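This is a predicted model, so every value here is computed, not measured. Protein chains get the first letters and strands the later ones, always in sequence-line order, with residue 1 at the start of each.
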Amino acid sequence: MARLQPVRGTHDLLPEQARAFRRVADAARGVAERYGYHEMATPIFEFSEVFKRTLGDTSDIVTKEMYTFADRSGAEITLRPEGTAGVARAVISGGLAQHMPLKYFYAGPMFRYERPQKGRLRQFHQIGVELLGVAEPLGDIEAIALGAATLDALGVSGQVTLELNTLGNAASRAAYRELLVDYFEARRGELSRDSLDRLARNPLRILDSKNPGDRAAIAGAPTLGDSLDAESADFFASVRDGLDRLGIAYAVNPRLVRGLDYYCHTAFEFTTDALGAQGAVIAGGRYDGLVGQMGGPETPGVGWAGGIERLSMLAGAPEPPPRPIALIPIGPRAEAETLVLADRLRRAGFAIELGYRGNLSRRLSRADRVNARAAVILGEDELARDMATVRDLDSGAQDEVPLAALADRLAGLS
RNA sequence: GUGGCUGUAGCUCAGCCGGUUAGAGCGCCUGGUUGUGGUCCAGGAGGUCGGGGGUUCGAAUCCCCUCAGCCACCCCA
């Protein structure tokens, strides 16, 4: 046990948790398809360049969280830390941009070298959607509505609130960034070490700081809203209007920001306070500059990603698996018959458990443990008459049924 | 990456200021029932006390290192 442990921050998905994950992914996929988003998958590793270019050289993910290695050809490879970069790369390398708008759903593992915590792992799983080629606010509204509908489908809406903000267009952002840097430069002495670092790399992030000392300085900082030009303000108003029409509640949070240059206009997060410090369960925004920055055609985009672990923690226990029927032979001749009968019933759609070994008592006990709905007992006596004993494991009642009628009888069990 | 808490059987935990063969409940296995489960009764298996080193006559218990989990920061899903 000393050495045989999983790599830090990774977990085995045992059946119950696998089921919980599948429920989240299935629910999200189902909702996404009703919105016209179809599943696609990109490789879980890419050339490191793909992530460096999309995430930026200064982002935390690129500077300290990527799982990067050289493969046998010497190529620098990175396990994907998020999903959007791979999709954007696929759009470019596959020439998909000719078929705009593109609407994709994806689900799968992501990798980040972080310090593990509840709801934060080194291998974790995300669902996500990307809408490419739609520059209108309608795209933002649809993406957010899709997120809200996904949370509804999982029954967790009550535990989650939507926070919304705008970063404005490129001109507005650049103007604001300048104001902000001037403001904080004048107050360097009041800022925490972390925030001084952010001032150099990613000044908008300071607004997000939880450091109490920073808060005072932040309180007096210029707000992005004041720097928005008419186009940016109109865009945001349209998004909010759409959400209002859909009855999707939100709180505008002026401190909700994104660090990278290609993000613009809408930024949003569905957050919960039920998961400790890991509050975001779905987060996304508009990234009009991303595909262009990667070397593709200028392509507007909006999307979000949701954490499957986090969502499944909120959603609680998954549906139990379907209850099987236990087939229990008595004696070697019956054993051989049972093999064939099991195969026939399985092909007919029944979930069948075989006891594998032991006497009747032992096999019934095992049937009970796997939560079997009924046991079909095949003894020499019954077989001689082409009959089987069907025992209802809930009521304990049992009777003999002709083999020919067995499937119908089992289908009749609730 | 920084700081704090924790680590005893498959699971949940007890084991006081170091003292002889490390315990409980649940679970698991066997038998009571060579053709009847879930209840009950009896019995049993299972632990290098996360790992390594040190202090000591003696360490699950004290010290150091290390690994892992949890919490906060950071970051985000």
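Between A/Q159 and A/T272, the closest heavy-atom pair is O-OG1, 2.9 Å.
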For nucleotides 1-3 of chain B, tabulate all protein N/O to nucleotide N/O atom pairs closer than 3.5 Å, reporting atom names and distance.
unit_1, atom_1, unit_2, atom_2, d
B/rU2, O4, A/R115, NE, 3.4
B/rU2, O4, A/R115, NH1, 3.1
B/rG3, O6, A/R115, NH2, 3.2

Review item, nucleotides 33-35 of chain B N/O atoms under 3.5 Å of protein N/O:
unit_1, atom_1, unit_2, atom_2, d
B/rG35, O6, A/D381, OD1, 3.0
B/rG35, O6, A/D381, OD2, 2.7
B/rG35, O6, A/E382, OE1, 3.4
B/rG35, N1, A/E382, OE1, 2.9
B/rG35, N1, A/E382, OE2, 3.2
B/rG35, N2, A/E382, OE2, 2.6

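The CZ atom of A/F268 sits 12 Å away from the C1' atom of B/rA77 (whole-angstrom rounding). In this structure, NZ of A/K64 is placed 10 Å from P of B/rC76, rounded to the nearest angstrom. Protein atom CG of A/L207 is 17 Å distant from nucleotide atom C1' of B/rC76, rounded to whole Å. As rounded to whole Å, 12 Å separates atom C1' of B/rC73 from atom CG of A/D214. The nearest whole Å value for the distance from the CG atom in A/D273 to the P atom in B/rA77 is 19 Å.
Here A/E46 does not pair with A/R80 in a salt bridge; the nearest charged N to carboxylate O distance is not below 4.0 Å. Between A/R363 and A/E335, at least one side-chain N (NZ, or NE/NH1/NH2) sits under 4.0 Å from a carboxylate O, which counts as a salt bridge. Looking at A/R255 and A/D208, no side-chain N of the basic residue comes within less than 4.0 Å of a carboxylate O on the acidic one, giving no salt bridge.
When both pairing distances are held under 3.5 Å, B/rA24 makes a Watson-Crick or G-U pair with B/rU12. Base-pair partner of B/rU48: not found among the strands shown (Watson-Crick or G-U wobble, both distances under 3.5 Å). In this structure B/rU2 sits in a base pair with B/rA72, meeting the Watson-Crick or G-U test at under 3.5 Å.
Between B/rG46 and B/rG27, the two C1' atoms lie 12 Å apart (nearest whole Å). With both ends at atom C1', the span from B/rU12 to B/rG69 equals 16 Å, rounded to whole Å. When the C1' atom is used for both B/rU2 and B/rG19, the distance is 41 Å, rounded to whole Å.
Among B/rC75, B/rC76, B/rG37, the nucleotide with an atom closest to any side-chain atom of A/A280 is B/rC76. The nucleotide whose nearest atom lies closest to any side-chain atom of A/R310 is, among B/rG37, B/rC70, B/rC76, B/rC76.
The residue among A/V7 and A/G119 whose nearest nucleotide of RNA chain B is located toward the 5' end is A/V7.
Using a 30° and 60° split on the angle between ring planes, A/Y113 and A/Y67 fall in the perpendicular class, above 60°.
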